[in-house]
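One structure is given below, encoded as structure tokens.
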Amino acid sequence: MKQALTIFLVVIFLFACGQKEKEEVSYRLKWLYNVSSVGDLYADVHGYFAREGLAVTVKPGGPERDALKEIELGHAHFGVASADQVLRAVAKGAPIVVLAQLFQVNPLHWIYRPDRTPFTSPKDWRGRVLGVTFGGNDETILRALLARHGIAESELTLFSVRYDYTPFYEGRVAFWPIYLNAQAVIIGEKLSRAGETYAFVSPDELGVRFVANSVVTTRQMLERHPDVVRRFLAALLAGWRAALDPQNEEEAVRVLAQTDRETPEAVVRRQLPVTRELMLPAAPGTPFGKIDVAAWKQTAAIMAAQQLVPEGLPLESILATDWVPSP
Amino acid sequence: MLLRRIYQFLIIYCLGVGLLFLLKYALGLSDYVIPSPAEIGRTAARDAGPYVLAVLNTLAVAVLGHLLSIGLATAVAILGRLTAWIGSFIRTAAYNIQAYPIVAVAPIIFILLGDGLSSRLLIAAMICYFPLLLSFIGIFSEPVADIEHFYHATRRMTWRLEVKIRAFENIHKISTVLVGSATMAVVGTIVAEFIAATAGIGYSIRIALYQSDLAKILVALFLIGVGTSLYLVSLEGLGNAFQARLKRN
């Protein structure tokens with residue numbers, strides 16, 4: 001009996017010694033769980049973080065949750081924020097560093113009905129009613145498009161947009177801002193069912209490359225715990241690559257369905273290919289998550305031109321461009 | 001009274017902002033998380049003008065909504081006092097409707113009425129209406145037996161006289177309820193503006209939130225506090241003057 005107890009205790013001791021303590025890491029998303037966070041969830045569920053020795057808590061974001069503030073306050077180690085949020089924060093002295101860029105093309109587009117309001121260039125917006133979220137990044141993007149194409153604000157009507165799409169359905173607003181990989185799939189389906197045609201205006205194709213979701217942390221975290229940052233980023237981006245791999249589509253749908261119970265799986269299945277298009281770098285051999293410095297420069301220039309941030313923000317110290325691992 | 005209200009509000013505001021500054025400097029936080037006094041000053045200098053106009057806009061809608069609610073609550077409470085069943089029915093309806101979160105009901109209102117003045121007015125009225133109604137039903141349903149008995153005995157009682165007696169005897173309570181519901185009318189208007197309107201200080205706060213600009217929000221809160229204090233003092237002044245006049249008569 002005594003011998004058996006000794007063996008049991010030795011086994012427990014050896015097992016405990018073999019267990020490496022996982023580091024606790026908190027990761028705050030930009031928005032609620034949806035298709036734009038499928039890779040974050042995939043990395044968590046499929047043990048990518050665990051294999052790097054990290055115990056990551058992935059927390060959903062939301063309209064009143066700001067990942068950048070949480071990171072600075074120490075409530076989260078990593079987060080997701082859009083470029084405009086990052087630049088505003090840095091302009092006010094926040095010690096934020098960008099580690100990777102998730103979307104290579106901004107998912108924000110404008111949906112419209114081509115049979116009613118044909119669109120070939122922003123000049124077609126003259127005399128039309130355009131939806132815009134005042135204070136949101138779509139306002140900044142729209143103003144940049146107008147400035148780029150020499151259209152005065154007085155030549156069109158801006159309509160303040162909220163979550164309710166009724167003004168667009170009723171045709172009172174001709175162009176409505178929408179996230180191409182999320183709501184666009186659902187709204188497009190509703191319009192199709194009603195026998196209506198629809199199309200999208202892509203700011204990126206019109207020359208305005210405004211950076212969207214990026215992975216961020218604090219400068220302190222980068223300097224004091226570079227190993228944790230490296231392991232976190234390696235796991236996260238590997239999770240994203242796997243989630244966006246068409247071969248893993250069913251599994252990605254299943255993972256998202258576990259957390260985002262509001263969106264039917266059939267919808268997620270249609271959202272995934274669009275997300276893939278917006279996130280995967282177009283140039284072959286470019287690693288997933290690569291920071292597009294030229295697009296960041298354009299984003300900073302647009303915001304400075306609209307006096308949202310001062311000119312000459314030190315992008316080279318904000319963008320940690322050499323942290324994205326090669327696949 | 002005005003000065004006392006204003007400096008009481010200033011003490012509360014300064015304590016709140018002081019606590020934020022304490023946190024900012026103790027934790028070494030950037031102006032992005034908590035703005036510095038200089039940042040708030042710059043924001044106030046830049047945005048106070050439009051924000052004052054926005055607060056006045058909000059107050060105008062809140063006062064209208066409040067008046068609407070007072071009128072409606074008085075009418076319904078007078079009807080509700082007729083029988084115990086009607087009073088109880090109105091109370092149940094009021095409790096139930098009050099339980100619905102306004103953020104869930106608001107989209108329906110905006111679909112029906114659009115995102116203009118009428119929606120803001122209705123939401124402001126809805127938020128302060130039900131507490132008013134419940135208080136008024138209580139006041140108007142409660143007989144003032146000592147006085148009413150005389151008029152009943154002499155067969156001179158009319159429904160108008162009954163309402164007047166009950167209102168007069170509870171004038172202090174009514175005055176308190178009206179002042180209390182005024183704050184709710186302001187809150188209701190701001191909520192409506194935040195959810196869907198395109199004017200007023202609630203709308204400005206929403207834009208500031210999109211821009212993560214706490215300095216703007218602090219300036220807006222200051223102006224809302226001053227504006228609400230002015231409205232409450234005006235109501236209290238009116239109430240006191242009315243009570244004094246009643247006593248004289």
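Letters A, B, ... are given to chains in the order of the sequence lines, protein chains preceding strands, and every chain is numbered from 1. Note that the coordinates shown come from a computational prediction; the quantities given were computed from them, not determined experimentally. Heavy atoms only: backbone and side chains are in, while hydrogens, waters and symmetry mates are out.
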Whether over 12 other heavy atoms sit under 6.0 Å from A/Arg224 CZ: no

A/Arg88 versus B/Gln211, closest heavy-atom pair with distance: CD-O, 3.5 Å

Heavy-atom pair of closest approach, residues B/Tyr203 and A/Ser160: OH-OG, 3.3 Å

Crowding at CD, A/Glu155 (>12 non-hydrogen neighbours, <6.0 Å): yes

For B/Ile207 against A/Gly135, the heavy-atom pair lying closest together: CG2-CA, 3.8 Å

Rounded distance (nearest 0.5 Å) linking atom CG of B/Leu209 with atom CG of A/Asp66: 10.0 Å

Engaged part of B/Leu29 at the chain A interface, taking heavy atoms whose separation is under 4.5 Å: both

Which portion of B/Ile195 sits near chain A, non-hydrogen atoms under 4.5 angstrom: backbone

Crowding at CD, A/Glu170 (>12 non-hydrogen neighbours, <6.0 Å): yes

Atom pair CG (A/Leu308) and CG (B/Asp213), whose distance is rounded to the nearest 0.5 Å: 10.5 Å

More than 12 heavy atoms of other groups within 6.0 Å of A/Lys297 NZ: no

A/Asp84 CG to B/Tyr210 OH distance, which is reported to the nearest 0.5 Å: 12.0 Å

Taking every non-hydrogen atom, the tightest pair across B/Tyr32 and A/Lys69: O-CE, 3.3 Å

Neighbour count above 12 (heavy atom, 6.0 Å) for A/Glu316 CD: yes

Contact winner vs chain B - A/Gly93, A/Ala89, A/Ala91, A/Ala94, heavy-atom pairs under 4.5 Å: A/Ala89

Short side-chain to backbone donor-acceptor contact, A/Glu72 and B/Ser30, under 3.5 Å: yes

